[in-house]
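Here the structure comes first, spelled out in structure tokens, and everything after it is commentary.
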There are 2 protein chains.
Amino acid sequence: MTVQQMAQLDSTFSALSDGTRRAIVARLADGETTLSDLAAPFDMSLTAVSKHLRVLSDAGLVDIEKRGRTRHCRLKGAPIKEAVDWLSKYESFWIDRFDALARHLAKEDND
Amino acid sequence: MTVQQMAQLDSTFSALSDGTRRAIVARLADGETTLSDLAAPFDMSLTAVSKHLRVLSDAGLVDIEKRGRTRHCRLKGAPIKEAVDWLSKYESFWIDRFDALARHLAKEDND
DNA sequence: ATTATAGTCAACTAATTGGTTGAGTAAAGT
DNA sequence: ACTTTACTCAACCAATTAGTTGACTATAAT
């Protein structure tokens, strides 16, 4: 694992450790939208949401495109995949026995 | 999603956002061990590692058992599973096309 | 031309984080 | 009995975070 990969995991997990940011991610999974639109449901200033978006953008989780006077944001999957890949190494600790068995059998089928 | 589930995700992702703590998790996946043993590879004080371990413990990621003068730590899978479950909702954003196709075909087979 | 909208930027604040050191405690080894 | 080991605890420090407000810029609508 390279130092950059470590830093990427740092920023991905850190970005996802805030409920507001996870809500933004969830919202963006339903489709691209603007900052104002994203900010509307939250009981905080536009500046605050803009900062959260900046954190997500710095972590590579969202892409922000300036279009006229609006900022259009969309979700990027790569860092999420890396996070899942890392977590998957500990599958044996979190997969329940039934799932584990199912996977084991599925694998045997392919052999 | 309850407020407690949100708080659990907060602390799980936050705990995993630090490289030292991820290294501890990785080490514990290989088996239970003590604090001193965990601390040995790191270039920081035992107190610092103890604090990291406390963060992991508070997040429910590790169990610390006092045994004589040593603390024995082991990894708990439940919070990791919850984190993976949350991330899995955004599967479509991080699964590459090949995987997506494979899954699509596998599903058709079952229909 | 004026006004409203969408957003940035800088400055400030309070709380949290990740580390340190030094002192202390409790268990185990000699 | 003494020493070493395995820690904990409290105090401190510097950096970061999550929020605020007020002033500003740029684009779009009337």
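Naming convention: chains lettered A, B, ... in sequence-line order (proteins, then strands); numbering from 1 in each chain.
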Quick one: [X] [atom1] to [N] [atom2], roughly how many Å, whole number?
X     : N      : atom1 : atom2 : answer
B:L56 : C:dT17 : CG    : P     : 13 Å
B:L38 : D:dC7  : CG    : P     : 9 Å
B:R71 : C:dA26 : CZ    : P     : 11 Å
B:D10 : C:dT17 : CG    : C1'   : 15 Å
B:L35 : C:dA27 : CG    : P     : 17 Å
B:H72 : D:dA6  : NE2   : P     : 10 Å

When you match B:S36 and A:R67 each to their closest nucleotide on DNA chain D, which lands nearer the 5' end?
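The residue whose closest nucleotide sits nearer the 5' end is B:S36.
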Are B:I24 and B:H52 side-chain neighbours, meaning at least one heavy-atom pair lies under 4.5 Å?
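Yes; the side chains approach each other to less than 4.5 Å.
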Under 4.0 Å from OP1 or OP2 of D:dA6: is there any side-chain N or O of B:T70 that close?
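No, outside the criterion.
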Between A:R54 and C:dT8, does any side-chain N or O lie under 4.0 Å from OP1 or OP2?
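So the side-chain polar atoms of A:R54 never come under 4.0 Å of the phosphate oxygens OP1 or OP2 of C:dT8.
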Footprint string (nucleotides 15-26 of chain D, 5' to 3'): B base within contact, S backbone only, - free, heavy atoms under 4.0 Å
---SBBBB----
Using the side-chain hydrogen bond (donor to acceptor under 3.5 Å, both in side chains) criterion, which residues pair with B:T70? Sequence neighbours excluded.
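Per chain and number, B:T70 pairs via side-chain hydrogen bond (donor to acceptor under 3.5 Å, both in side chains) with B:H72.
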Rounded to the nearest 0.5 Å, how far apart are CG of B:L16 and CG of B:L56?
7.5 Å
Whether B:D18 and B:R22 form a salt bridge (side-chain N of Lys/Arg under 4.0 Å from carboxylate O of Asp/Glu) is what I want to check.
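Salt bridge flag = no for B:D18 with B:R22.
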Below 4.0 angstrom, N of the basic side chain to O of the carboxylate: do B:E32 and B:R27 qualify?
no
Please answer: with hydrophobic residues joined when any side-chain heavy atoms are less than 4.5 Å apart, are A:F13 and A:V55 in the same cluster?
no
